[in-house]
Amino acid sequence: MATNTPKPPAIKPPPTGSDDGTVVLERLAQKVQPPSMYQVVMLNDDYTPMEFVVVVIQEFFGKDLEAATAIMLKIHLDGRGVCGVYPKDIAATKVDQVLDAAHKAGHPLKCVSEPVDL
């Protein structure tokens, strides 16, 4: 048990001078650039089942069955298909999720992210 009572912290007095010590900063308007966007692209292969690709698109890109099937067919017919457009970090995460799911399922599905040309 403490025998001395605690002392309140010392408060520094405001600076003395000709004014009251207040400082007003001028707010400068800053132009903030929107983040650069990246598209997540799945690449066709001859081994990954179409049903697996549809499930992956639905699960990781939030597409409904019709949209996922349309993207899967684009991948199958054109060799590649865009699954979504995101900021760089989110696109990289989506690619990692797809590659991890494909690896765990034993499929050689490839997925990449690339900058969107504006």
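Keep in mind that this is a model prediction, so the values were computed, not measured.
Residues Val54 and Phe52 fall within the same hydrophobic cluster, defined by Ile, Leu, Val, Met, Phe, Trp and Tyr side chains chained together at heavy-atom separations under 4.5 Å. Hydrophobic clustering, with ILVMFWY side chains joined whenever heavy atoms are under 4.5 angstrom apart, keeps Tyr38 apart from Met42. By the rule that hydrophobic residues join a cluster once side-chain heavy atoms approach within less than 4.5 Å of another member, Leu43 and Leu109 end up as members of separate clusters. No single ILVMFWY cluster, assembled from side-chain heavy atoms under 4.5 Å apart, contains both Val85 and Val98. Linking ILVMFWY residues whenever their side-chain heavy atoms come closer than 4.5 Å, directly or via other members, leaves Phe61 and Val116 in distinct clusters.
Here Thr48 contributes atom OG1 and His76 contributes atom NE2; the two are 12.0 Å apart, rounded to the nearest 0.5 Å. Of the inter-residue distances, the one linking Leu99 atom CG with Lys110 atom NZ reads 7.0 Å to the nearest 0.5 angstrom. Taking CE of Met72 as the reference point, atom CG of Leu65 lies at 9.0 Å (rounded to 0.5 Å). Note that the CD1 atom of Ile57 and the SG atom of Cys83 stand 4.5 Å from one another [nearest 0.5 Å]. Ile90 contributes atom CD1, which lies 8.0 Å from atom CE of Met37 (distance to the nearest 0.5 angstrom). Atom CZ of Arg80 is separated from atom CD1 of Ile75 by 10.0 Å, given to the nearest 0.5 angstrom.
Residue Ala68 comes nearest to Lys63 through the heavy atom pair N-CB, 4.0 Å, listed as atom of the first residue, atom of the second, then distance.
Between the Lys94 side chain and the Phe60 main chain, a donor and an acceptor come within less than 3.5 Å of each other.
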